[in-house]
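Worth knowing before you read on, the calculation uses all heavy atoms, side chains too, and leaves out hydrogens, waters and symmetry mates. Along the sequence shown, the residues carry numbers beginning at 1.
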Amino acid sequence: GSLFDTLHDESTELPWAMRASFCRDIASGMGFLHTTTPPVLHRDLKSANVLLTRSMEAKVSVPLCCCAHLTRWLGSSPILAQWSSRGPST
């Protein structure tokens with residue numbers, strides 16, 4: 001699910017260490033996007049666009065407008081192919 005859903009689910013307890021981990025994961029993902037050539041500007045970073053894996057790792061969801069750029073940068077990456085065919089992997 002998304003970080004938004006998790007933050008608004010009153011039955012989910014989020015320790016501060018986990019929240020800090022989310023921040024590190026998001027910063028790492030944004031850092032990756034910004035260091036590509038040319039840089040990818042997300043322009044819509046919000047909790048609804050951050051997805052959580054089963055192990056509670058935060059993954060920045062990339063807007064579809066950026067996929068063409070990422071395909072050129074990554075080539076025929078199986079990770080990107082998996083993301084584009086089924087949505088982000090968890």
Would you call [X] and [Y] a side-chain contact if the rule is heavy atoms closer than 4.5 Å?
X	Y	answer
M30	V60	yes
L51	L3	no
V50	D25	no
T53	K59	yes

D5 and S2: side chain donor to acceptor below 3.5 Å: yes
How close do A58 and I26 get, heavy atom to heavy atom, and via which atoms? CB-CG1, 4.1 Å
If you round to the nearest 0.5 Å, how far is CG of L14 from OG of S21? 11.0 Å
H34 side chain to H42 backbone, donor-acceptor under 3.5 Å: no
Without swapping roles, check the side chain of T35 against the backbone of G31 for a donor-acceptor pair under 3.5 Å. yes
By the ring-ring contact (aromatic ring centres under 6.0 Å, His included) test, which pairs, at least two apart or in different chains, include something from residues 7-28? F4-H8
Which residues satisfy the side chain to side chain donor-acceptor pair (under 3.5 Å) test with N49, sequence neighbours excluded? D44
